[in-house]
Asker: 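The following block contains the structure, expressed as structure tokens.
Note that this is a predicted model, so its numbers are computed, not measured.
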Amino acid sequence: MNKTLTINNVSKYINFKNYYSSSTILKKTNEIYKIKGLDIKDRNELYSLDNDSIKKKLNQLKDETNQLLKERGEELMKDLSKALNLTSDNLKFNITKSPFTLRAYLLAASQGISFYHHELRKQINPTDDYERQKRKDLVYKLQSQEIDSLTSGKKKSSSSSFLEDNNNNKKSMSIEREMEIIREQQQEQQHFDQQISNSTKWEMGQLEIQPRIDTFRQDELFVSFNPYESMSNNSQSYQLVSRLSKFVWNKDLTNWEMFSSSKLNQLIPQLQLHILDKINLNDNDNSIIINQFLESIKFISNEINSTDLNIFKTLNNYNNNNNNNNNNNNSSENIVENSVENGGDFKKIINNSIVDSLIYMRAHHFRITSDPFMLFFQQLKENQDYFSSNEDYKQFLERLLDTLLFETIEFDPTSTKINSNRQFEYKLKLDLLQREAFRQFKVYQVFNTSPDAKRHEESDLRKLSHLCKTLQKRSTIDFIQESKKYLSSQILSNGLINSNKLLSNNNNNSNEFNQSKTSISISQLTDGLHSCIPATMSLLEFSIKNSSKDNILFDTSDGKLKDINNLDDLITKFANSKYIYLRESLSQRFSMFIQSSNNNNNNNNNNNNNNNNNNNNNNNNNNSNSNNSNNDIIIGLNNPIYKLLIDLEDKVLELSQNNFEENPIENWIGFLSIELGDDDDNIEYKDTDQFNIIASQNFNLVRFNNQMLAQLHKTFSEDLDFQIEELELMIKNKKVLEREIKAHNEKISKLIKDSRDSITPTFYFCGIQDDQVYTLEISKEWEPLWNLLKSYPNGLLLKDFIDKQTFVTKETFLSTLTDLNKYGVVGLFPKN
């Protein structure tokens with residue numbers, strides 16, 4: 001039955017409506033963060049003010065900013081953290097530097113700009129040549145057939161029928177063609193290896209972008225978070241404002257246009273980094289800061305409108321000043337080191353950065369005029385994403401400068417939700433296209449590793465073109481579906497953890513943990529961990545695979561880690577934890593992640609007991625907080641053996657870095673020392689006054705509270721898979737093989753259990769000799785002796801050194817010295 005509601009008192013209805021309307025507006029206003037700029041109309045008014053007036057305006061801006069942080073700082077950190085994909089600790093340190101820093105971050109967040117993690121974003125290298133990989137798989141199949149043919153004793157026919165087309169129809173191939181393909185692949189492999197050596201890769205636990213010029217591209221849509229930069233000296237704000245500064249592009253872009261626009265692109269980011277980030281007045285005399293602030297803004301304003309003739313003059317001046325000085329300290333990779341705070345002159349920094357613009361143009365003009373990038377840039381919106389002329393670009397930079405200085409900046413956190421943030425969605429889709437364009441450019445124009453490159457390049461361009469059309473005509477969901485269909489999953493690994501839900505939106509069967517894998521390159525992060533702590537990775541992989549209720553290798557009742565079925569799952573947890581964003585070495589970040597399970601295990605049990613005594617409302621609140629902290633905790637990893645092994649591998653890594661530096665006399669002791677081997681070569685005590693002894697610089701004496709650590713490190717530094725393969729080759733009986741593999745694994749499992757229970761303080765010599773890593777257990781009495789030997793950096797008489805020890809016989813001590821000499825711990829030199 002329908003009912004009609006009659007409102008007799010219209011005035012009440014109007015008041016009722018207005019009440020809820022105004023309430024909604026008030027709520028929305030409270031959610032929006034507003035931060036006013038300098039209470040100055042424009043730059044002309046700023047230039048007319050004296051220092052006291054400018055100081056008053058700056059202090060007013062500082063007070064208003066501090067008031068906002070005082071009233072809403074906690075929720076602001078939380079909202080900005082979600083929007084920018086950064087941790088609250090990182091944000092708090094950076095945005096409290098200066099009111100202008102917070103303004104830049106809020107402006108970036110309002111435009112959908114976010115940070116991707118340097119290590120989690122799949123970097124393009126020659127392995128991203130997918131067609132080459134297909135050819136390599138074909139050769140592997142051919143060679144496997146050849147081996148099978150030889151081992152089976154069958155005569156190989158003149159043709160093989162193993163190839164299949166798309167309809168599963170078998171095709172034959174002649175032996176001659178098979179051999180030709182194998183030879184071609186061998187030649188390609190040599191070229192590929194050369195390209196790999198010069199490309200982006202992990203070096204000693206750090207992901208190094210190669211060539212260096214690829215570390216920064218003005219047309220990128222998002223910002224790189226690099227954990228290798230220190231907290232106090234990082235270029236985050238520079239990169240952030242560079243994204244706000246946009247760029248210039250047109251299909252006929254000349255070298256000169258690109259150079260001059262690249263110079264313009266750096267101006268406001270340099271101002272932000274060197275001047276605006278440092279404006280935080282105190283009670284002392286601030287006249288120098290205020291003068292620097294005012295003069296720098298005037299200088300940047302003039303630089304934006306600099307004429308071509310002035311640029312010619314700057315180039316000539318730089319060239320003349322550097323004719324006799326090959327100094328590259330002004331390059332972009334030394335932005336922070338050359339800061340005003342470190343004694344640099346801002347005008348000189350800007351003038352010298354002109355060389356960066358020239359280097360950038362020469363390195364990137366070929367890229368942005370390549371076919372895949374021409375196709376990509378045509379999808380961008382002119383005067384929003386880029387500008388087609390320097391004149392339009394200059395006008396935009398003028399507006400951006402005024403915005404950062406004077407205008408009220410608003411940030412609405414409700415728009416940071418992935419499904420409603422159109423700015424972020426738009427940039428995310430463009431970023432996928434740009435990543436694919438960059439892959440195609442590198443593969444076909446730089447690496448040149450692909451067979452039949454022209455045909456495959458045309459095919460890939462058609463795929464990119466299809467996705468560009470999908471971007472223009474279809475919804476975000478449709479675009480993501482098509483991207484998954486036509487692009488490699490590696491391209492989707494964009495390092496933007498806040499894009500997981502959007503990229504996984506169409507997978508109804510995907511849980512939150514599986515979604516968390518979408519935007520991060522687990523394989524790349526795994527390679528990184530293997531580059532610095534390989535033994536620890538091998539230990540964890542073996543333990544996850546072999547731990548069970550009957551063979552408990554983790555501290556859980558069933559021997560299993562919850563939700564961890566393989567090493568990838570564990571690394572995914574690490575990649576989604578807060579520890580990945582710490583500014584520490586990769587090995588130490590992983591160690592802290594592992595230790596978090598140890599430190600919080602008992603606390604979790606206590607919290608669970610306390611929660612049982614709380615009411616339902618308190619339970620809900622506690623669970624909410626508990627879930628945030630428990631995301632980083634994996635129950636069962638609470639054993640110090642992992643930290644000890646990581647610390648040991650860190651020592652090895654530190655020594656490796658020193659060992660591989662290009663210094664011809666770095667390890668002169670190891671190169672020049674005599675090596676005692678056979679018994680006939682051993683030195684007798686009566687002859688020790690004829691030799692000098694010196695401690696190697698490649699070894700350190702370290703102490704760990706674990707007697708089994710050296711054996712554990714040795715075992716898991718070896719290739720366990722290769723050991724199993726050797727057993728498979730030697731043993732043909734299946735039952736015998738299974739028994740031997742079981743015994744092999746049980747032996748390793750016992751070592752793990754024994755090492756986890758060991759707490760005996762033990763000393764080890766840890767170092768490198770002849771590119772081999774050694775961890776040698778030594779008695780504790782050696783600690784003062786080693787310190788004594790290190791106190792003689794130029795060596796001392798072997799007899800004098802032996803006479804200073806009293807804990808064993810001279811013969812026994814000399815025998816130990818002989819062993820240490822064999823491994824390179826000490827050098828022995830006959831007296832001349």
Asker: Is it true that Asp39 and Lys57 have a side-chain N and a carboxylate O under 4.0 angstrom from each other?
Answerer: yes

Asker: Heavy-atom count check: over 12 atoms from other residues, nucleotides or ligands less than 6.0 Å from Lys36 NZ?
Answerer: no

Asker: Are Ile300 and Ile350 side-chain neighbours, meaning at least one heavy-atom pair lies under 4.5 Å?
Answerer: yes

Asker: For Glu436 and Gln440, test the side chains for any donor-to-acceptor distance below 3.5 angstrom and give the result as yes or no.
Answerer: yes

Asker: Answer whether the closest heavy-atom distance between the side chains of Phe479 and Ser475 falls below 4.5 Å.
Answerer: no

Asker: Taking the six-membered ring of Tyr47 (Phe, Tyr or Trp), confirm whether the NZ or CZ of Lys298 is under 6.0 Å from its centre and within 45° of its axis.
Answerer: yes

Asker: Flag this pair as yes if the NZ/CZ of Lys381 is under 6.0 angstrom from the six-membered ring centre of Tyr426 and inside a 45 degree cone about the axis; otherwise no.
Answerer: yes

Asker: Would you check if the distance from the ring center of His118 to the ring center of Phe225 is below 6.0 Å?
Answerer: no

Asker: Please confirm whether Tyr360 and His365 have ring centers closer than 6.0 angstrom.
Answerer: no

Asker: Salt bridge or not between Arg43 and Asp402? Use side-chain N to carboxylate O under 4.0 Å.
Answerer: yes

Asker: Quick one: are Asn90 and Gln236 in side-chain contact, heavy atoms under 4.5 Å?
Answerer: yes

Asker: Working to the nearest 0.5 Å, report the span between CZ of Phe222 and CZ of Arg121.
Answerer: 8.0 Å

Asker: Any side-chain heavy atom of Leu120 within less than 4.5 Å of one from Ile497?
Answerer: yes

Asker: Would you say Leu107 and Val241 make side-chain contact, with heavy atoms under 4.5 Å?
Answerer: no

Asker: Check whether the side chains of Thr200 and Glu208 place a donor and an acceptor atom closer than 3.5 Å, and report yes or no.
Answerer: no

Asker: If the test is side-chain hydrogen bond (donor to acceptor under 3.5 Å, both in side chains), which one of Ser519, Ser81, Ser114 qualifies with Asn498?
Answerer: Ser114

Asker: Identify the two heavy atoms, one from Leu273 and one from Ser237, that lie closest to each other, and give their separation to 0.1 Å.
Answerer: CD1-OG, 3.8 Å

Asker: Between the side chains of Asp460 and Tyr130, does any donor sit under 3.5 Å from an acceptor?
Answerer: no

Asker: Check this for me: does any side-chain nitrogen of one of Glu303 and Lys263 sit under 4.0 Å from a carboxylate oxygen of the other?
Answerer: yes

Asker: For Ser493 and Gln524, does a side-chain donor sit closer than 3.5 Å to a side-chain acceptor?
Answerer: no

Asker: Considering only NZ, NE, NH1 and NH2 on the basic side and carboxylate oxygens on the acidic side, decide whether Asp478 and Lys473 come within less than 4.0 Å.
Answerer: no

Asker: Hydrogens and angles aside, do Asn291 and Asn51 bring a side-chain donor and acceptor to less than 3.5 Å of each other?
Answerer: yes

Asker: Report yes or no: is the cationic atom of Arg583 (NZ for Lys, CZ for Arg) closer than 6.0 Å to the six-membered ring centre of Tyr228, at no more than 45° off its axis?
Answerer: no

Asker: Do the non-hydrogen side-chain atoms of Asp371 and Leu375 ever get within less than 4.5 Å of each other?
Answerer: no

Asker: Salt bridge check: are Lys246 and Asp392 linked by an N-O gap of less than 4.0 Å?
Answerer: no

Asker: Using ring pair (Phe, Tyr, Trp, His ring centres under 6.0 Å), reason through Phe441 and Phe366 one step at a time and then give a plain yes or no.
Answerer: CA-CA 10 Å; Phe441 167 73; Phe366 179 47; 5.6 Å; yes

Asker: Nearest 0.5 Å, please: how far is CG in Leu38 from CG in Leu61?
Answerer: 5.0 Å

Asker: One thing to verify: whether Glu482 and Arg474 come together as a salt bridge, which I'm taking to mean a side-chain N less than 4.0 angstrom from a carboxylate O.
Answerer: no

Asker: Is it true that Glu257 and Asn390 share a donor-acceptor pair across their side chains at a distance under 3.5 Å?
Answerer: no

Asker: Using only heavy-atom distances, determine whether the side chains of Asn125 and Thr127 contain a donor-acceptor pair under 3.5 Å.
Answerer: yes

Asker: So do Arg439 and Ile491 actually touch side chain to side chain, heavy atoms under 4.5 Å?
Answerer: yes

Asker: On the 0 to 90° scale, with breaks at 30° and 60°, tag the Tyr238-Phe216 ring pair as parallel, tilted or perpendicular.
Answerer: tilted

Asker: Give a yes or no on whether the ring-centroid distance for Phe376 and Phe438 is below 6.0 angstrom.
Answerer: no

Asker: Taking the six-membered ring for Trp and the full ring for Phe, Tyr or His, determine whether the centres of Phe377 and Tyr386 are under 6.0 Å apart.
Answerer: no

Asker: Answer yes or no: is there a side-chain heavy-atom contact under 4.5 Å between Ser48 and Glu45?
Answerer: yes

Asker: Is a donor from one side chain sitting under 3.5 angstrom from an acceptor on the other, for Asn265 and Ser262?
Answerer: no

